[in-house]
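No experiment lies behind these values; they were computed from the predicted model shown. Computed from heavy atoms alone, side chains included, the values below leave out hydrogens, waters and symmetry copies.
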Amino acid sequence: MADNGLGHQARSGQGGEGLLFLTDDQLRRGIEAMFFAYRGFTADPDRILSEKSYGRAHHRALHFVHRSPGTTVNNLLDILGVTKQSLNRVLRTLIEDGLVESKVGVKDRRERHLFLTEDGRELEKVLSEAQRKRMRAAYREAGPEAVAGFRKVLEQIMDPEMRRHFDQLKDGV
């Protein structure tokens, strides 16, 4: 058994794949690392958002509308996993502040399609760049093998429905 550099013991299993055997303490440390990493990951955008009296829900809405211009309110509800009332409150603010535009669907007039305005794209860019800077530095420090492993771990933590959304975004859908 060899140490994989993270204090974890790796052992080859049948078929040659490496299996990780983690203690409860090591799993707890991983969970805590995710909590603290999330705090770091959201710290810079939180500061920017607070200047505008926005929160993380506004950031998530801006992010996913940017990633999928024309997405419907229902699709955004599905991705974010929030209540309709909560999302409507966030969208109302973003629309009133001129960051998001809502257009009536051509095929189904009950649908509302969401797009970022020029100001919305600018704010999303500032927020994303703060996170990209942090991710870029962490990825460079960790190296390509760690980046691939990290992404694989995150994908395995996702619920299957969220992984489907993630895969659609990854594929540019």
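For the atom pair S128 OG and D44 CG, the distance stands at 12.0 Å (nearest 0.5 Å). The distance from the OG atom of S102 to the CD atom of E111 is 11.0 Å, given to the nearest 0.5 Å. Taking CZ of F115 as the start and NZ of K103 as the end, the distance is 5.0 Å to the nearest 0.5 Å. To the nearest 0.5 Å, the span separating CD1 on I48 from CG on L127 amounts to 5.0 Å. The line from OH of Y38 to CZ of F35 is 11.5 Å long, rounded to the nearest 0.5 Å. Of the inter-residue distances, the one linking E124 atom CD with T117 atom OG1 reads 11.5 Å to the nearest 0.5 angstrom.
Here the closest non-hydrogen pair linking V90 and A57 is CG2-CB, 3.7 Å. Closest non-hydrogen pair, G120 versus L62, comes out as O-CD2, 4.5 Å. For S68 against L169, the heavy-atom pair with the smallest separation is OG-CD2, 3.5 Å. Counting all heavy atoms, side chain and backbone alike, G98 lies closest to D119 at O-CB, 3.9 Å. In terms of heavy-atom proximity, I79 sits nearest to M162 at O-SD, 3.8 Å. Across L49 and G55, no two heavy atoms sit closer than the pair CD1-O, 3.5 Å.
L123 and F41 are members of different hydrophobic clusters when ILVMFWY side chains are connected at heavy-atom separations under 4.5 Å. F150 and L22 fall into different hydrophobic clusters, where Ile, Leu, Val, Met, Phe, Trp and Tyr are joined by side-chain heavy atoms under 4.5 Å apart, directly or via other members.
Residues L76 and L91 form a side-chain contact, since some pair of their non-hydrogen atoms from C-beta on lies under 4.5 Å apart. At a threshold of 4.5 Å between non-hydrogen side-chain atoms, the residues V100 and L116 count as touching. Proximity of E129 to R136: side-chain heavy atoms (C-beta onward) are separated by under 4.5 Å at one or more points. Within the 4.5 Å cutoff, no side-chain heavy atoms of E101 are placed close to those of L114. Put simply, the side chain of I157 reaches to within 4.5 Å of the side chain of M34, judged on heavy atoms.
None of R134, R47, Q131, R56 except one satisfies the side chain to side chain donor-acceptor pair (under 3.5 Å) rule with T42; the exception is R56.
Within 6.0 Å of the CG atom in D108, the count of heavy atoms belonging to other residues, nucleotides or ligands exceeds 12.
The residues E32 and R29 are annotated as salt-bridged, a charged nitrogen and a carboxylate oxygen being separated by less than 4.0 angstrom.
The stretch residues 71-84 participates, sequence neighbours left out, in these side chain to side chain donor-acceptor pair (under 3.5 Å) pairs: T71-N75, D78-H165. The stretch residues 58-90 participates, sequence neighbours left out, in these ring-ring contact (aromatic ring centres under 6.0 Å, His included) pairs: Y54-H58.
With sequence neighbours excluded, no residue satisfies side-chain hydrogen bond (donor to acceptor under 3.5 Å, both in side chains) with E122.
No donor-acceptor distance shorter than 3.5 angstrom exists from the side chain of R109 to the backbone of V104, with no hydrogens or angles considered. D159 places no side-chain N or O within donor-acceptor distance of the main-chain N or O of E161, the cut-off being under 3.5 Å. A donor-acceptor distance shorter than 3.5 angstrom exists from the side chain of R163 to the backbone of M158, with no hydrogens or angles considered.
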